[in-house]
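Working notes, structure below.
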Protein chains: 4
Amino acid sequence: MIKVGIVGGTGYTGVELLRLLSGHPHVQLTAITSRKEDGLPVADLFPSLRGKVNLAFSAPDKADLTRCDVLFFATPHGVAMEQAPALLAAGVMVIDLAADFRLKNPATFEQWYKMPHACPELLPEAVYGLPELNREAIRSARLIANPGCYPTTMLLGFYPLLNANLIDAGTLIADAKTGVSGAGRKTEIATLFAEASDNFKAYGVSGHRHAPETVAQLQRFSSQPVSLIFTPHLVPMIRGMHATLYARLTSDVTNEQLQALFEEQYKDAPFIDVMPFGAHPETRSTRGSNMLRLALHRPGNGDTVVILVVQDNLMKGAAGQAVQCMNLMFGCPETEGLQHTALLP
Amino acid sequence: MIKVGIVGGTGYTGVELLRLLSGHPHVQLTAITSRKEDGLPVADLFPSLRGKVNLAFSAPDKADLTRCDVLFFATPHGVAMEQAPALLAAGVMVIDLAADFRLKNPATFEQWYKMPHACPELLPEAVYGLPELNREAIRSARLIANPGCYPTTMLLGFYPLLNANLIDAGTLIADAKTGVSGAGRKTEIATLFAEASDNFKAYGVSGHRHAPETVAQLQRFSSQPVSLIFTPHLVPMIRGMHATLYARLTSDVTNEQLQALFEEQYKDAPFIDVMPFGAHPETRSTRGSNMLRLALHRPGNGDTVVILVVQDNLMKGAAGQAVQCMNLMFGCPETEGLQHTALLP
Amino acid sequence: MIKVGIVGGTGYTGVELLRLLSGHPHVQLTAITSRKEDGLPVADLFPSLRGKVNLAFSAPDKADLTRCDVLFFATPHGVAMEQAPALLAAGVMVIDLAADFRLKNPATFEQWYKMPHACPELLPEAVYGLPELNREAIRSARLIANPGCYPTTMLLGFYPLLNANLIDAGTLIADAKTGVSGAGRKTEIATLFAEASDNFKAYGVSGHRHAPETVAQLQRFSSQPVSLIFTPHLVPMIRGMHATLYARLTSDVTNEQLQALFEEQYKDAPFIDVMPFGAHPETRSTRGSNMLRLALHRPGNGDTVVILVVQDNLMKGAAGQAVQCMNLMFGCPETEGLQHTALLP
Amino acid sequence: MIKVGIVGGTGYTGVELLRLLSGHPHVQLTAITSRKEDGLPVADLFPSLRGKVNLAFSAPDKADLTRCDVLFFATPHGVAMEQAPALLAAGVMVIDLAADFRLKNPATFEQWYKMPHACPELLPEAVYGLPELNREAIRSARLIANPGCYPTTMLLGFYPLLNANLIDAGTLIADAKTGVSGAGRKTEIATLFAEASDNFKAYGVSGHRHAPETVAQLQRFSSQPVSLIFTPHLVPMIRGMHATLYARLTSDVTNEQLQALFEEQYKDAPFIDVMPFGAHPETRSTRGSNMLRLALHRPGNGDTVVILVVQDNLMKGAAGQAVQCMNLMFGCPETEGLQHTALLP
């Protein structure tokens with residue numbers, strides 16, 4: 001059994017990890033920390049876990065986290081980088097669901113997250129935890145930077161086209177929409193029900209932290225400089241993310257060739273569903289599951305290709321992806337504990 | 001493996017059965033019928049099932065249903081009673097999720113469902129599929145009348161009190177609320193998003209079909225005539241049911257005794273969660289799971305006890321309960337294939 | 001023109017008062033206070049008011065509130081009672097939308113609101129601002145206690161029956177449901193979109209502050225001691241309140257007589273809509289309007305009468321009712337500035 | 001008083017027209033037709049109109065529509081064009097809220113609406129009812145083609161830039177999102193609450209009927225051929241539309257100049273709110289009002305300008321715009337009967 005700890009288990013990523021890990025056949029939940037909820041049974045905070053998780057939260061300083069084989073950091077940015085060096089030194093693997101290890105350049109990190117990086121020496125070693133791009137590296141990693149939710153959709157949508165050198169890397173547009181759980185389980189006016197319900201808006205249009213990690217990863221697959229316009233929006237739904245991606249074709253290519261490219265690229269990816277050309281994936285078809293579904297369109301058969309990508313932001317966009325990485329790191333089947341069928345309706 | 005067929009698989013109960021049965025380790029999905037969608041792959045109608053269910057719908061007359069060991073009828077009222085006699089004669093067990101076999105009295109059936117009963121001779125044999133009240137009878141049944149969603153909450157909430165002869169059976173009130181999926185996957189104005197969202201209303205206050213089966217079952221446990229005021233309401237949520245039950249105590253009893261009564265009653269019921277006295281169960285704590293949660297209140301320590309009951313109307317209120325019955329009928333562990341943790345948030 | 005000020009204009013009651021008063025032909029908005037948002041244009045906080053309200057918030061100590069003819073207190077409990085004595089002395093009328101002046105007994109106030117009353121000498125003078133029960137007293141009042149949202153529905157539903165001595169005052173049950181805006185515009189986890197959406201729950205079942213004011217008002221119309229079981233619930237909708245009221249008839253009375261009683265009682269009330277016997281009012285039929293709609297039911301023609309009552313909790317349940325009182329106090333037509341048609345869909 | 005009739009009053013556009021027109025000081029509602037609901041009081045179908053509208057629906061053949069000064073067609077495509085010639089000949093003005101008169105080219109109409117045009121001879125005379133582009137023509141028109149909801153946002157967003165020749169007309173992208181009421185009040189599975197709630201999806205990505213009218217109108221202001229990628233999406237909210245528009249600048253221009261251009265362009269438009277540069281308009285800031293709000297962004301100060309546009313799809317996107325046109329046609333102030341403040345929250 002893999003001894004697993006969760007640092008910061010009171011948020012939505014935390015409770016989703018608990019749902020997944022408590023049902024994982026090879027995992028033994030060993031510690032869940034929360035400074036604020038020290039001593040509170042987890043199931044008192046999350047009644048959905050009554051009868052499923054018997055642990056209580058413990059304060060970080062009381063939990064001996066080195067008992068664990070692997071730790072998931074479901075914390076705000078800046079926490080994992082403080083603790084990772086000592087944990088790794090103690091032989092504990094680390095999967096950070098925040099941004100601490102996503103950017104290779106510590107200056108870029110400081111620019112976007114407004115804090116100096118605490119352990120830049122670990123950045124070269126950290127593996128960006130997107131199995132469809134980095135499967136082998138993840139298998140042998142001990143420090144994972146789990147991707148952001150938005151980047152997962154953008155990367156998996158643009159990657160085959162960019163890698164095949166079929167599109168103009170300088171005019172990428174991602175019009176993306178997220179459910180409200182993406183904002184986390186924290187008190188703020190903007191995500192109150194009476195504010196966010198029956199409403200739709202863009203936010204962060206002038207600049208969002210998920211852009212630099214996306215561009216950095218995309219750049220790996222393009223010789224041309226990558227430029228990305230990224231517009232996030234807030235949708236009145238709990239879970240779900242939809243990216244509408246626009247790219248300009250630079251080569252003559254048929255729709256059948258485009259479709260075949262994606263099908264070939266993802267034929268061994270158990271959590272990528274390439275739908276038929278012209279389909280309209282719905283976010284709910286991924287609710288509670290680790291599947292990411294996508295479909296291609298080409299309006300008027302012109303030179304713009306539109307890629308529609310959907311996922312559950314808490315699953316493939318966060319906790320599910322992290323468990324997928326853990327499976328790879330520990331030699332489990334990639335889909336172990338992640339075979340939930342989406343909840344529809 | 002149990003060979004399972006679903007008659008009428010295009011509704012919400014159908015797709016939920018498919019979600020459950022496709023993940024059940026002892027089930028082989030054998031046939032799914034739909035007159036209208038004959039030939040359509042199931043996953044084309046329900047993309048959440050892509051990669052999970054490879055069957056196509058087949059017209060009822062084309063499907064050789066006698067290949068199955070058990071058939072779930074996820075059809076409108078009146079269908080199962082037409083086919084049950086021949087199926088039972090052919091050795092196929094029947095679990096009807098509609099109302100055809102819920103009422104022992106064919107006259108009562110006709111009064112509420114506006115059609116004569118097609119096989120009244122089977123009514124005495126049919127077992128009301130509420131395991132917490134009828135577990136042993138279900139084990140040996142070949143014809144199950146799966147309870148309505150509302151009755152499940154009302155019966156499991158009132159039953160311990162009525163059985164212990166602690167309340168006035170003549171003044172029961174059930175103020176119940178359901179999510180919109182309870183209305184089914186059928187076209188009607190009243191359940192359109194633009195009608196049902198951001199709205200709340202009662203319906204059927206003067207009389208609802210779920211009252212007679214509830215009263216009939218409750219009457220089994222009371223020597224006094226049972227009288228029930230039942231007020232259903234429609235909540236703008238997809239899944240979930242909340243019953244607020246009011247009963248007048250006729251005996252001196254402490255809150256601790258009331259709590260102990262319920263805990264004792266349901267101590268062996270794997271899907272009943274008796275929460276602490278004074279708790280407020282939320283429907284979402286059961287979303288996608290087969291758990292029913294309840295909690296007791298006694299406002300002002302007076303003679304009225306209030307029982308709060310929640311469940312997922314498509315799970316413990318329909319498909320989950322049906323699979324629970326199937327497990328009992330076929331000697332599987334009662335919880336097999338039903339151990340989903342609720343999806344929260 | 002009536003010079004109007006709003007104390008505490010940053011909540012939902014505040015913005016609703018602004019919507020109403022900015023469109024009222026006899027009102028001149030004169031001051032809006034907020035300690036936190038001092039100097040901020042109101043329309044920057046509430047973009048719906050761009051082009052409608054040009055005022056900025058001002059800190060309470062900077063605003064000379066004695067310039068106003070009347071002040072609305074859209075503040076938490078405890079604020080109005082501190083300021084009311086001086087304001088009244090300065091000739092400013094006061095309409096408090098919080099609870100400070102709703103209870104005549106200062107001990108009861110302290111019991112429920114956990115603070116001693118700051119000006120008990122004003123309690124006898126304060127008029128409970130429910131025009132349908134107290135229209136004449138409101139006309140000559142200078143201090144109004146605007147009713148709570150729940151009490152408005154319970155009082156207007158039970159009152160005709162109680163006043164006519166037709167029901168048992170000792171077994172009243174109110175099963176009530178509110179939209180999330182009733183919790184106010186304040187940061188808390190429980191009313192986040194990701195918590196409150198797609199969910200339903202009861203709260204405060206063991207005791208809610210709106211019960212004592214309701215019982216106190218009902219008691220005025222009954223010689224028998226009034227006893228009320230009041231169960232509030234939270235509905236995933238922004239606005240709207242639905243009360244399902246249960247009362248036991250103690251006299252022989254026909255349904256026609258019951259209906260006539262209500263129609264007669266409210267025939268001069270411009271904001272009460274007595275719907276046909278057996279109707280099912282929907283909350284959305286009052287969205288954004290000051291109408292309260294109700295309908296009577298009598299299940300099985302037994303001795304229980306069920307009254308269904310709906311309103312917009314921010315309108316007839318709060319801001320609309322307050323403006324209705326203001327109209328009466330200043331001799332305007334009762335419906336002035338309140339003739340909005342509900343927004344449907 | 002203007003005698004007004006509505007043809008096809010049972011849909012969402014119909015009930016919204018009724019809300020607006022019943023409160024319009026210069027309008028006398030004269031006739032509302034519905035074949036299906038002949039004889040039914042309007043307020044029985046729409047309880048929000050109880051006490052506001054006393055008319056009943058009448059069958060089209062029974063209503064003498066020539067009594068009216070103007071008729072609103074809130075009907076499916078193809079109805080208005082059958083009746084317009086006779087009505088205009090009888091001196092009745094016509095405002096069609098469907099597509100019959102939006103396209104000047106009858107072949108294009110037939111291509112997209114799959115029916116030959118019934119009166120192509122009227123197409124040259126019909127005025128596209130977008131006051132901000134065609135105010136003077138509307139004043140003297142007798143036949144108005146009310147714009148589609150999507151085109152209103154796209155046209156008012158792109159128009160100033162295109163008219164000033166600042167952008168590349170060949171690479172326009174409109175990523176647009178609508179509330180579910182845009183699909184109308186008609187029975188279909190896809191817009192059921194249990195399907196559309198807690199979900200997000202694109203639709204019609206390969207081609208949508210609103211594209212050709214948008215391109216045709218935009219072409220009026222560009223010498224370069226206009227090419228538009230238009231991607232509509234469905235948002236789980238009742239009302240509201242958000243367009244995220246992407247255009248590539250072809251000239252050196254500062255952000256201040258862009259902002260000034262929009263402010264100047266719309267300075268006399270009472271229903272266009274140009275928000276500060278970099279703002280994020282929310283759909284709810286227009287809920288129930290006729291305002292369209294927009295804001296400009298320029299990510300990374302590059303050559304892409306992003307225009308965010310919001311409106312209420314039933315108001316500025318349909319019924320409100322139609323009444324705005326009526327005001328112009330009959331010499332009323334443009335804002336008469338349209339001064340509703342948005343309902344927030």
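So you know, we letter chains A, B, ... as the sequences are listed, proteins then strands, and number each from 1. For the numbers below, each heavy atom of this structure counts, side chains included, while hydrogens, waters and symmetry mates do not.
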Side chain, backbone, both or neither: which part of A/R239 has an atom under 4.5 Å from a heavy atom of chain B?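 Contact with chain B: side chain only.
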Tell me, side chain or backbone of B/L314 under 4.5 Å from chain A's heavy atoms, or both, or neither? side chain
Against chain A, label B/M291 side chain, backbone, both or neither, depending on which of its atoms sit under 4.5 Å from a heavy atom there. neither
Chain A contacts, top residue of B/A342, B/S181, B/S48 (heavy-atom pairs, under 4.5 Å): B/S48
Could you check which of B/L20, B/L49, B/D273, B/D198 has the highest count of heavy-atom pairs closer than 4.5 Å to chain A?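 Answer, by heavy-atom pair count under 4.5 Å with chain A: B/D273.
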Measure the shortest side-chain to side-chain distance between [X] and [Y] over non-hydrogen atoms and say whether it is less than 4.5 angstrom.
X: A/R19; Y: B/L343; answer: yes
X: B/V15; Y: A/P345; answer: yes
X: A/R287; Y: B/I238; answer: yes

Report the option among A/R185, A/E16, A/R293, A/R50 that has the most heavy-atom pairs separated by less than 4.5 Å from atoms of chain B. A/R50
